[in-house]
Amino acid sequence: MGKRVLITGAAGFLGSHLCDRFIKEGCEVFGMDNLLTGSLSNIEHLFPVKEFTFYNHDVSKFVHVPGDLDYILHFASPASPIDYLQMPIQTLKVGSLGTHNLLGLALAKKARILVASTSEVYGDPQVHPQTEDYWGHVNPIGPRGVYDEAKRFQEAITMAYHNYHGLETRIVRIFNTYGPRMRLDDGRALPAFLSQAIRGEDLTVFGDGSQTRSFCYVDDLVEGIYRLLLSDCHMPVNVGNPDEITIKEFAEEVIELIGSSSKVIYHPLPEDDPKRRRPDISKAKEVLGWEPRVSRSEGLKTTCEYFKKELA
Ligand code: UDP
């Protein structure tokens, strides 16, 4: 019999791709989402699949799932800077209360739980590239604090359940990821630039564009997460693509890819915006035998097709 898997944030970008993957692996998948930032259109193709069940539920409230569970993947949370600025309390609750509820559920069901952490736990990093043993540089009361500290608390309580209760836990630190089903209007650089270039609008670079990011294609990320879940590693593991680029160069790359006549325009840099970000993935390579395979040019082409369809 296939494993029974609960995926929270199932209607979101990453959650929906994870639902697809676990269905493909022959699992019975219970997708949970309160549709705050997720969209049913990301999972409607799964509704006819008998191994898939959807629960419209907010995991910050007590979570009930009937029957056994083998795995829980906690991916529910607003995840773009604009989203968590607009929903600061929900962001804090889903990372703290939501994680606590799911850890309790995992304990009751004797399930293994993987929680989605983030490169944001490193804040505006003073160590580059970021290794898992770096503790981070986070402003708790800044605009990003609601997300960063919720995720740091999430890691702390997950380790506590592992150490105190012996629960089987996994922590993935996810770096910037993109691909089809990413929301077009979540304010992030990649969807903003692609939509702007496709529409022929100017691309809004924040600051002077010298800050860097490293973008991972969603299929690579899902593979890394799948391997981490099945591994025996309870310590946090970075999963992301180390191919680092400045935001200004990235904007120019998108304009060239689309063949657009758009220009780059400059807007003020948001508060506490990390200056440099690139994962050190030595640990993922060693422990999971994983590294990304999809280049940015390849991944952007696929993502661009999706964006064009959505915008049409
Ligand atoms: N950014 C930008 N223009 C936009 C949106 C974002 O220049 O329209 C910048 C943002 O300030 C940051 C980088 O692009 O330095 C990546 O931002 P994103 O929101 O994608 O995610 P982050 O990595 O900051 O969480």
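Throughout, numbering of the chain's residues begins at 1 and tracks the sequence. Note that ligands are numbered from 1 as they come in the structure, with each ligand's atoms numbered from 1 the same way. Since the model is a prediction, treat every value here as computed from it, not as a measurement.
A salt bridge links K275 with D124: at least one charged nitrogen is closer than 4.0 Å to a carboxylate oxygen. One finds no salt bridge joining E310 and R183 here, because no Lys/Arg side-chain nitrogen approaches an Asp/Glu carboxylate oxygen to under 4.0 Å.
Applying the side-chain hydrogen bond (donor to acceptor under 3.5 Å, both in side chains) rule to S60 yields the partners D58; only residues at least two apart in sequence or on another chain are considered. Here R296 pairs with D243, E253 under the side-chain hydrogen bond (donor to acceptor under 3.5 Å, both in side chains) rule; sequence neighbours left out. Among residues two or more places apart in sequence or in another chain, the ring-ring contact (aromatic ring centres under 6.0 Å, His included) test is passed with F307 by none.
Residues F22 and Y226 place their aromatic rings such that the two centres sit under 6.0 Å apart.
Listed by chain and number, P81, E120, R144, N176, G187, R188, A189, A192, F193, T204, V205, F206, Q211, R213, I247, P270, D273, R277 each place a non-hydrogen atom less than 4.0 angstrom from ligand 1.
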